[in-house]
Amino acid sequence: MTKRGNGGTAEGGSRHPPPFRRSAVPPSPLHELPVEFVGSFPDPLVRLEPALPEVAFIGRSNVGKSTLLNALVGRPGLARVSGTPGKTTLLNAFRLPAFYLVDLPGYGFARAGKAARAGYRKLVTRYLGERPTLAGVVWLLDVRHDPSKDDLEVQRLLVESGRPVLAALTKADKLTRTAALVRARDLAAALGLHEDQVQLTSSKSRQGIGELGLSILATVGGHA
Ligand code: GDP
């Protein structure tokens, strides 16, 4: 709306053109759903009751997984942000209410020893390979970084599992729009993914959060 009644020009119009309304970033469709923390589990084959389709989140620690989960469901404190000591080998499950989101432990801790790495590989291999309710995996990668050795190991496990994968490229706000698009194309090529399997996201600017929510709904059956 523009102010009326003052500042007319010679033509009788307003001095200021009306503002160009910028569309708000669409909110995540998951914001409208009630969400409940179900629990933390060490067993990758834990049975969640009731049995419902689930979407898993996997990524290197510090990639922005907790922040993205919180942005997706619109509850700032739901997933704990970063590396809670002693919780790094547990799956965290959230129910919303016709499907689950499962937060897998972050990988690639610099300090992780051989045994911890082998334990992680076993957990993820069993989870991806044997979980009957798993509908798809959101794989988080920092848009600015080339895939690490650990990322490539996870890529191998994802390919072997044959599960549907969507790569969420995080922290897109740290690059210009053009640079982020170039990175998305390059990362898709480097990871053997189709361009439509890659979603630029930012929990800060909210870019791509709504789209990611829609993809999750489609993967679990298109309904909540
Ligand atoms: P996690 O270890 O994968 O769960 O990562 P966190 O969610 O704890 O995030 C790690 C760090 O990245 C924190 O300092 C966050 O504030 C920051 N971060 C997360 N998402 C974004 C984002 O979209 N943009 C920016 N600029 N920083 C982010």
Side-chain angles (χ1 to χ4, degrees), residues 24-28 30-31 35 37-42 54-94 96 100-112 116-117 119-121 123-124 127-128 137-155 157-158 165-184 187 191 198-216:
V25 180
S28 164
L30 308 193
H31 282 198
V35 55
F37 175 63
V38 180
S40 299
F41 308 97
E54 68 194 51
V55 168
F57 285 70
I58 189 167
R60 196 178 180 180
S61 77
N62 220 36
V63 72
K65 183 155 57 66
S66 316
T67 312
L68 186 81
L69 271 163
N70 290 335
L72 257 180
V73 299
R75 314 293 196 287
L78 192 75
R80 296 253 193 88
V81 173
S82 243
T84 313
K87 292 253 179 181
T88 50
T89 58
L90 302 176
L91 320 173
N92 288 307
F94 303 91
L96 283 96
Y100 297 105
L101 297 181
V102 176
D103 183 13
L104 298 179
Y107 55 81
F109 281 104
R111 284 169 283 117
R117 280 168 186 272
Y120 187 86
R121 196 177 309 124
L123 175 102
V124 173
Y127 180 86
L128 294 177
V137 181
V138 177
W139 182 24
L140 292 91
L141 296 142
D142 189 316
V143 71
R144 298 166 299 168
H145 302 152
D146 288 333
S148 66
K149 224 176 124 197
D150 295 299
D151 289 325
L152 295 175
E153 170 79 11
V154 165
Q155 179 199 24
L157 298 178
L158 286 168
V165 171
L166 179 66
L169 306 183
T170 62
K171 310 190 188 182
D173 59 277
K174 299 236 187 195
L175 298 179
T176 64
R177 224 172 169 79
T178 312
L181 287 170
V182 170
R183 287 292 300 162
L187 277 168
L191 297 166
V198 167
Q199 173 72 56
L200 281 166
T201 66
S202 165
S203 302
K204 198 170 172 188
S205 73
R206 309 199 48 78
Q207 178 187 350
I209 304 294
E211 288 89 337
L212 184 58
L214 287 172
S215 299
I216 289 170

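Quick caveat, the model's predicted, so the values are computed rather than measured. Order of appearance sets the numbers: ligands from 1, and atoms from 1 within every ligand. Values reported hereafter were calculated over all heavy atoms of this structure, with side chains retained and with hydrogens, waters and symmetry mates removed.
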Checklist entry - Less than 4.0 Å between a side-chain N and a carboxylate O, is that true for Asp142 and Lys174? => result no
Next on the checklist: If the condition is ring-ring contact (aromatic ring centres under 6.0 Å, His included), which residues does Tyr100 pass it with, not counting sequence neighbours?
Outcome noted: none
Item to check | Ligand-side contact atoms (ligand 1) for residue partner Thr67, heavy atom cut-off under 4.0 Å | outcome: 6 (P), 7 (O), 9 (O), 19 (C), 20 (N)
Item to check | Per-atom contacts, ligand 1 versus Ser202 - under 4.0 Å to a heavy atom | outcome: 23 (O)
Checklist entry - Only one of Thr89, Leu90, Leu91 forms a side-chain contact (heavy atoms from CB on, under 4.5 Å) with Leu104, so which one is it? => result Leu91
Item to check | Contact check: Ser61 vs ligand 1, nitrogen or oxygen atoms, below 3.5 angstrom | outcome: no
Next on the checklist: With a heavy-atom distance limit of 4.0 Å, tell me whether Asp173 approaches ligand 1 through its side chain, its backbone, both, or neither.
Outcome noted: side chain
Checklist entry - Near Gly64, which atoms of ligand 1 are under 4.0 Å from a heavy atom of that residue? => result 1 (P), 3 (O), 5 (O), 6 (P), 7 (O), 9 (O), 19 (C)
Checklist entry - Taking Thr170 as the fixed residue, which of Thr67, Leu200, Val143, Leu140 is the one that meets the side-chain contact (heavy atoms from CB on, under 4.5 Å) rule? => result Leu140
Item to check | Distance-only polar pair, side chains of Asp151 and Ser148, donor-acceptor under 3.5 Å | outcome: yes
Next on the checklist: Given Arg60, Arg206, Arg144, Lys171, identify the one with the heavy atom nearest to atom 12 (O) of ligand 1.
Outcome noted: Lys171
